[in-house]
Amino acid sequence: MTDKFDVIVIGSGPAGYVAAIRAAQLGLNTACIEKWKDKEGKGVNGGTCLQVGCIPSKALLDTSYKYHEAKESLGSHGIGIKNIDINVPDMIARKDKVVKQMCGGIAGLFTANKVTSLYGTGKLLAGRKVQFVDHKGEEKILEAENVILASGSTPVNIPVAPIDGDVIVDSTGALEFHEIPERLGVIGAGVIGLELGSVWGRLGSKVVCLEAMDSFLAMMDQTIAKESKKILGKQGLDIRLSCRVTGSEVVEKKGKKEVVVTYTDQDGKEGKETFDKLIVCVGRRPFTDGLLAEDSGVKLDERGSIYVNDLCSTSAPGVWAIGDVVRGPMLAHKGSEEGVMVAERIAGQKPVVNYDIIPNVIYTHPEIAAVGKTEEQLKADGEEYNVGTFPFLAIGRAVAADEAEGMVKMIADAKTDRILGCHIVGPSAADLVQQVAIAMEFGSTAEDIGMTVFGHPTFSEAVKEAALAVGGHAIHMPNRKKRR
Ligand SMILES: Cc1cc2nc3c(=O)[nH]c(=O)nc-3n(C[C@H](O)[C@H](O)[C@H](O)COP(=O)(O)OP(=O)(O)OC[C@H]3O[C@@H](n4cnc5c(N)ncnc54)[C@H](O)[C@@H]3O)c2cc1C
């Protein structure tokens, strides 16, 4: 093995592995170092996203939704199924199979693109040297023209609910329950808390989400957030805002462990709940443990992220950083785009990432999805805008599918009609919002979408109608604002 590379990437999550593949495609001699081991103790690529994040959570969301549908909603279609059962170990085993398949895919892509895959730990030294220690403990010093740091993030722990990996778990532990907890507590009603709460709620857990903030999904457009809270509440998720957890105690009762959680509510009153399992989902922090030698020249910012400029250059020449370990939303696709940008910049091209158009999705049912600015942000910025909303209740395909909850909200600039944001709660919201992201990338107006022919009957007709509503001429709904 050569010890000199054009590019060394540390971390093979969606930021790092994409950067490595793109760099290799561009003819750069590239190595990617990854320290993760799978359940059998073998080195494996994919990072948080594939191992304990996007993919396994969606596998469980899909299984639990199919179960829920069979049990609760197929009856309205005249389908009766008797003796519906869920085998949790089988569900977890299927999830593991999906993860293994996707990780194998990355290994295959590395081979196909001639990326050198190194399993072990990487540490950046001064002068673009990297100390590599493999899983057997053997050490080597590698050198590169460019180093890309993509070490990702890790769950935030809170002292009031210390993870014991049994009764109190983080998001990773919540992907591994082998039985359905009767009473499930979730600290944090954010994206991950809602997704994991939904998984176990659909399987029968009584779920209580304790959220310290006083508004639900504060980063989302509040029209959509309010609608989503209503829908999720109807599904049985007990979401309690302004609830600050003050302590937790694991106790044993009749030979079974449970956790007693204390909190203060919005009026400052003390509350207490007992759960069989408690998931702590209060956010993630950038992960740089053991990554940087003291003289690496790479600086961190006040939040512990690696400091980078808009082009993902760090404070050390030839060293770049991408993904969750740098500023910006902790989303797989944001890191992947940064990975492509950095690889292409190393190869002499001049791409940029458009940070204004990064879709964000919560995979509840229905999905909640957004791109661009919220109405609250535009108001705060003093922008003038027009809004069009359209409910799925007036969309034939949604009614036919029994998926008519939710709405699309489109926001466009008052003067130019250029789309500034789109916010959706409803069926296939993740895919619908992507249509608007493409339109925004091309600088489209709401009228452009309104003039586009949409297939009928589709969920996406709600996007067209919301765009028409911006101009006051939605067809399948009376328009509040009438414009020409
Ligand atoms: C439950 C859950 C669900 C999620 N769902 C979604 C979703 O639906 N959509 C979405 O966009 N995002 C989702 N995310 C977030 C997403 O997983 C992250 O944004 C994404 O994985 C970040 O990619 P990354 O490459 O920056 O880092 P990571 O995926 O964290 O990968 C970093 C890798 O670097 C390795 N590493 C770290 N230090 C070293 C070192 N010194 N040497 C060698 N290797 C090292 C780590 O082992 C890891 O494999 C979810 C996260 C969780 C926890």
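Atoms within a ligand are numbered from 1 in the order they appear, just like the ligands themselves. The structure presented is a predicted model; accordingly, all values stated were derived computationally and were not measured.
For the ligand labelled ligand 1, residue Gln51 lies outside the 4.0 Å heavy-atom shell. At least one heavy atom of Gly120 sits less than 4.0 Å from an atom of ligand 1.
Side-chain contact check for Trp320 and Asn146: at least one donor-acceptor pair (N or O, by modelled atom type) lies under 3.5 Å. Inspection of the Thr389 and Lys409 side chains reveals no N or O donor paired with an N or O acceptor under 3.5 Å. Looking only at atom types and distance, the side chain of Asp62 has no donor-acceptor partner in the side chain of Tyr363 under 3.5 Å away.
Between Gly122 and ligand 1, a contact under 3.5 Å exists for at least one N or O pair.
Scanning for salt bridge (charged side-chain N to carboxylate O under 4.0 Å, His left out) contacts around Lys373 gives Asp381, with sequence neighbours left out.
Which of Pro14, Gly335, Gly323 comes nearest to atom 23 (O) of ligand 1 through a heavy atom is settled by distance: it is Pro14. With Val130, Leu292, Asp324, Ile279 as candidates, the residue nearest to atom 22 (C) of ligand 1 on a non-hydrogen basis is Asp324. Between Gly53, Cys54, Gly46, it is Cys54 that holds the heavy atom closest to atom 16 (C) of ligand 1. Between atom 32 (C) of ligand 1 and the options Ala150, Pro56, Gly47, the minimum heavy-atom separation is to Ala150.
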Show every donor-acceptor pair shorter than 3.5 Å between a side-chain atom in residues 171-181 and any protein atom, with sequence neighbours excluded, or say none if there are none.
residue	atom	partner	partner atom	Å
Glu176	OE1	Lys39	NZ	3.1
Glu176	OE2	Lys39	NZ	3.1
Glu176	OE2	Lys95	NZ	2.7

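Contact annotation: for Leu331 versus ligand 1, heavy atoms closer than 4.0 Å belong to both the backbone and the side chain.
In this structure, Glu182 places its CD atom where only 12 or fewer heavy-atom neighbours from other residues, nucleotides or ligands lie under 6.0 Å away.
Atom 53 (C) of ligand 1 has as its closest protein heavy atom Arg284 NH1, 3.4 Å.
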